[in-house]
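First the proteins, then the strands, lettered A, B, ... as listed; each starts at 1.
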There are 2 protein chains.
Amino acid sequence: MSHTAGIRQVQKQKTRQALLDAALALLEEQSLSSLGLREVTRAVGVAPTAFYRHFRSTADLGVALVDEALGSLHRMVRSTVTTADSSDERIHRAVELIARHVDAYPAHVRFIARERHGGVQSVREAIRGQLGRFAEEVRAELAKDPEARGWSEDDLLMLSHLYVDQMLATASLFLEALDGPEGERERITRLATRQMRLISKGRRHWLD
Amino acid sequence: MSHTAGIRQVQKQKTRQALLDAALALLEEQSLSSLGLREVTRAVGVAPTAFYRHFRSTADLGVALVDEALGSLHRMVRSTVTTADSSDERIHRAVELIARHVDAYPAHVRFIARERHGGVQSVREAIRGQLGRFAEEVRAELAKDPEARGWSEDDLLMLSHLYVDQMLATASLFLEALDGPEGERERITRLATRQMRLISKGRRHWLD
DNA sequence: TCATCCAGTTAACAACTGTTCTCCGTAATT
DNA sequence: AATTACGGAGAACAGTTGTTAACTGGATGA
């Protein structure tokens with residue numbers, strides 16, 4: 001393994017990343033289906049035609065953004081769910097972890113929330129696929145827990161999807177509160193914590 | 001009250017509705033932020049400038065679509081939640097009610113799911129407001145149930161938001177399966193039913 | 001009946017879009 | 001040292017966009 005740099009490839013990756021960053025910034029105030037190719041290149045400072053050296057279309061760029069955005073989400077999902085058992089303290093910690101992730105990568109979270117049901121099919125499918133893999137991973141993690149004794153694989157996957165959806169909904173709430181009043185953040189924390197707690201109670205009594 | 005027709009106002013309302021319908025149809029394959037004013041008028045068969053007689057901008061039209069779409073959702077939410085107590089049969093019936101609503105108004109459901117986190121602020125706010133009112137209404141409905149004894153108003157609102165979100169998530173799943181394989185619909189029904197059941201179990205043991 | 005109103009039309013505007021083709025300079029390869 | 005590969009620039013294209021202005025004809029109200 002290991003491929004020595006190559007000045008050329010390094011520069012190409014650099015402009016490619018610049019295009020991705022510029023697009024992500026522009027997408028804070030619009031949807032991908034209205035993002036123009038020229039708009040992106042203008043923001044970066046390269047010629048419009050340079051875009052084609054990296055992406056076939058803005059939809060193609062969107063798919064690349066999905067990988068980048070969910071790569072960062074990946075860590076959050078893992079550590080959130082791993083600690084998301086019945087203990088109230090751990091739930092609270094998981095919610096705060098989501099809040100901190102939104103603080104760190106607001107544009108990524110916004111992009112996923114927006115384009116999950118957005119107007120570009122290929123991007124929707126990419127997000128759905130990634131979230132499906134997340135849910136599967138969460139399922140495997142839940143299966144290790146002694147509380148999962150007697151659960152069918154199907155039921156575990158049902159629960160993991162519920163967790164993933166709840167996680168995204170919470171992240172979206174934190175996102176809306178980013179440039180809002182101070183107390184809003186705490187209100188959302190309390191709301192999300194109780195919702196997670198209720199789900200955990202349902203989980204504990206699932207086999208009654 | 002009662003305002004006799006008025007040929008003029010009737011015609012105006014007719015073209016206005018035609019604009020809304022055309023826009024909704026066009027929005028099945030794109031987001032509101034990329035919907036062009038000329039695109040809509042072309043689909044209806046009127047001059048571009050006629051658009052201004054009805055809406056200030058496409059964002060303005062979007063807000064009008066929110067009212068129309070959630071007017072139809074209103075009935076669904078009410079009947080869904082009213083019957084969404086602990087009984088498994090009733091939960092199952094509620095899920096099927098969602099499925100049937102998606103069959104009846106797929107474009108409306110798609111619009112709400114897409115623009116809830118979409119690129120147009122005024123539309124996002126309109127949807128958030130309407131969903132907030134729904135959640136409040138659900139809360140009032142839940143409060144009537146004997147099972148709500150001992151619950152704080154805050155906790156009831158927490159639960160109602162969970163219900164509303166779950167409802168929309170389910171509707172979105174049914175939507176994706178509309179032009180898909182036959183078995184998918186049934187699979188989603190089983191998934192959503194079990195998720196609702198788990199939430200109901202959590203609800204029943206909330207005060208433990 | 002006549003003057004007013006007003007939804008919709010026509011024409012034109014500058015600005016913008018995605019895409020093609022040709023070219024340039026330089027890193028990579030031989 | 002000579003040749004190739006390739007990321008990016010430049011110019012031009014046909015087509016689109018939102019918005020303005022002045023106008024038309026039929027319903028409305030006096």
> Knowing that exactly one of Leu24(B), Leu26(B), Leu20(B) qualifies, which makes a side-chain contact (heavy atoms from CB on, under 4.5 Å) with Val40(B)?
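Exactly one option meets the side-chain contact (heavy atoms from CB on, under 4.5 Å) with Val40(B), and it is Leu26(B).
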> Of the options Leu159(A), Val164(A), Leu156(A), which is the one that meets Arg139(A) in a side-chain contact (heavy atoms from CB on, under 4.5 Å)?
Leu156(A)
> Quick one: how far along DNA chain C does chain B reach, first to last nucleotide 5' to 3', anything under 4.0 Å to a heavy atom?
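On DNA chain C, the outermost contacted nucleotides are dC5(C) to dA12(C).
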> Between Ser200(A) (side chain only) and Met196(A) (backbone N and O only), is there a donor and an acceptor less than 3.5 Å apart?
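Checked: pair present.
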> Taking only heavy atoms on the protein side, list every residue of residues 48-65 of chain B lying under 4.0 Å from any atom of DNA chain D, sorted numerically.
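Listed by number, they are Thr49(B), Tyr52(B).
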> Tell me whether the rings of Tyr105(A) and His108(A) are parallel (<30°), tilted (30 to 60°) or perpendicular (>60°).
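Parallel, since the angle between the ring planes stays under 30°.
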> With a 3.5 Å cut-off and no angle check, do the side chains of Gln130(A) and Glu125(A) form a donor-acceptor pair?
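Their side chains do not contain a donor-acceptor pair, so the 3.5 Å distance test is not met.
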> Would you kindly give the CD-to-C1' distance between Gln9(A) and dG8(D), to the nearest whole Å?
16 Å
> Is there a side chain to side chain contact (heavy atoms under 4.5 Å, CB included) between Leu32(B) and Leu35(B) once you walk through the steps?
CA-CA 5 Å; Leu32(B) 182 64; Leu35(B) 182 69; 4.1 Å; yes
> For a quick test of reading the model, state the closest non-hydrogen atom pair linking Pro106(B) to Leu178(B) and the distance between them.
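Closest approach of Pro106(B) to Leu178(B), heavy atoms only: CB-CD1, 3.6 Å.
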> Counting only heavy atoms and a strict 4.0 angstrom limit, can you tell me which residues of residues 15-41 of chain A come near DNA chain D?
Thr15(A), Arg38(A)
> Do you see a donor-acceptor pair shorter than 3.5 Å between the side chains of Gln17(A) and Glu68(A)?
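Present: a donor and an acceptor within the cut-off.
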> Could you pull out the closest heavy-atom pair between Leu162(B) and Gln195(A), with the gap in Å?
N-NE2, 3.7 Å
> Check the pair Ser33(A) / Ser34(B) against side-chain hydrogen bond (donor to acceptor under 3.5 Å, both in side chains), numbers first and verdict last.
CA-CA 6 Å; Ser33(A) 78; Ser34(B) 66; 2.8 Å; yes
> For DNA chain D, whose closest nucleotide is more 5', that of Arg8(A) or that of Arg42(B)?
Arg8(A)
